[in-house]
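Scroll down for the structure; my scribbles are underneath it.
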2 protein chains.
Amino acid sequence: MATEIPDIVIGRLPLYLRALTHLAEKGQTTTSSHELGQRLGISSAQIRKDLSHFGEFGKQGTGYHINFLIDQLRHILHLNLVWSIAIVGAGYLGHALAHYQGFEQRGFRVAWVFDNDPQRVGETVNGVEVRHINDMIACLREEHVQMALLAVPTEAAQETADMLIEAGITAILSYAPINLKVPVGVQVQYSDPVVQMQRMTYYLNATAQYPET
Amino acid sequence: MATEIPDIVIGRLPLYLRALTHLAEKGQTTTSSHELGQRLGISSAQIRKDLSHFGEFGKQGTGYHINFLIDQLRHILHLNLVWSIAIVGAGYLGHALAHYQGFEQRGFRVAWVFDNDPQRVGETVNGVEVRHINDMIACLREEHVQMALLAVPTEAAQETADMLIEAGITAILSYAPINLKVPVGVQVQYSDPVVQMQRMTYYLNATAQYPET
DNA sequence: CTAGAATTGTGAAAAGTTGCACGAATGGTT
DNA sequence: AACCATTCGTGCAACTTTTCACAATTCTAG
């Protein structure tokens, strides 16, 4: 317990939380590391060891009380409050994100949407008014927003990230297919569908595919 | 060289490919493991070791010829042909994916879009006609489509995945926040923004956030 | 109250991954 | 030609992550 907890462990906690919430919604009240592992495709020992970094949450013979464990994980991940987030870029992707129904239940609230297209500014997306990107720094600074979803065209991604950092943002989920340069202390997560798809084609049988090029 | 190449290595190749393509577009013709590593936040030794699983692509003193290495990586990842993909679910997310401009350049073509809403069937999304999900199995089987992007509501995700597998799909990129049960031989990649966001909140300073709940 | 099944938390071993450091090769410069 | 600065590919060592396996605890049921 304590010292430095590996990032790879932190990365699995949201998956545990998601699976536990799913079980809770089905009305189940307790579970075991074995059951959880089965659902997630992870060994039961790994789940037990991961959790043991933070305390002793289970009971021998019984397993884990689901609601209790959910509560603990929420605290560990700082999800016992609602995080306001900004969506930057109100194109197709920005709209999809703004309409995503999974944020509220899981600790986030879309507080701001920004775009640089005057046509879009003033429009309302899922109840949130689109603001011009020129107002972004002032808005986010004032409200101490810490997290942003970056959904702008690739060419604009780095400069927009720079603005976000100037605005005090310290966590960015970027959908642009480039590596952002950010100062230490700023976290970045990436989501690039093509990278995930290309990882799979390695294992696919190319001869079964209709050729081209 | 040869034997079994670790999956973690495969997962980095698309990132190398992306960075190399970026350099090529800027007009650069050669690069080094050091330069590439800097851009990606990866050690140069790791890049060299990863590539050495597949052959010797560099030259001492000079580094790598970018176009040559791109070509090699494309072959390794089976991107020397264009993969037809299906998008299932034509909601906000399905639309965003269908309009994504990065597929063509990087080895993929949106060949099919499916939805179960009669209102949407017949509509055209970025030049592709939306078909009813009832026709899905027949369409995909006939064309030997191997990859699908799953963008349906959570409740429908598992049953839709089952249909995809019945249709012969062997690689799924799922946007639903659940773990899919699939037979061996079927690959699944997941994309859940909230999981990535929750991973970051662990490191964020909760006291700086306006409270709630 | 006891026996047996279930399940945790964890130390130690095994497996996997990354980084170091160096010989060998290359190209540019004097 | 000789030297120097680069840079690769790689064996080995260091580090990280996962798995094993078991004592300890709990619950159930007769």
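No experiment lies behind these values; they were computed from the predicted model shown. Reminder, nothing fancy here: chain letters follow the sequence lines and each chain counts from 1.
Interface limits on DNA chain C: the 5'-most and 3'-most nucleotides within less than 4.0 Å of chain B heavy atoms are C:dT17 to C:dG27.
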Only distances under 3.5 Å count here; give the side-chain donor-acceptor pairs of residues 183-191 of chain A to other protein atoms, sequence neighbours excluded, each with its distance to 0.1 Å.
residue, atom, partner, partner atom, Å
A:Q187, NE2, B:M200, O, 3.0
A:Y190, OH, A:L180, N, 2.8
A:S191, OG, B:S191, OG, 3.4

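No side-chain heavy atom of A:L13 sits under 4.5 Å from any side-chain heavy atom of B:Q198. A 4.5 Å side-chain heavy-atom check between A:N67 and A:I70 finds at least one atom pair inside the cut-off.
Ring geometry for B:Y202 against A:F54 counts as perpendicular: the plane angle is over 60°, on a 0 to 90° scale with 30° as the lower cut. Using cut-offs of 30° and 60° on the angle between ring planes, the pair B:F103 and B:F108 is perpendicular.
Between the P atom of D:dT16 and the CG atom of A:D7 lies a distance of 13 Å, rounded to the nearest Å. Whole-Å rounding puts the A:I47 CD1 to D:dT18 P distance at 12 Å.
Side-chain contact of B:Q46 with B:D50: a donor-acceptor pair under 3.5 Å is absent, judged by distance alone.
When each of B:M147, B:Q146, B:R109 is paired with B:W83, the side-chain contact (heavy atoms from CB on, under 4.5 Å) condition holds for B:Q146 and for no other.
Taking 4.0 Å as the cut-off between side-chain N and carboxylate O, A:R199 and B:D7 count as a salt-bridged pair.
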Treat primed atoms plus P, OP1 and OP2 as sugar-phosphate and everything else as base, then score nucleotides 7-15 of chain D 5' to 3': B for base contact with protein heavy atoms under 4.0 Å, S for sugar-phosphate contact only, - for none. BBBBBB---
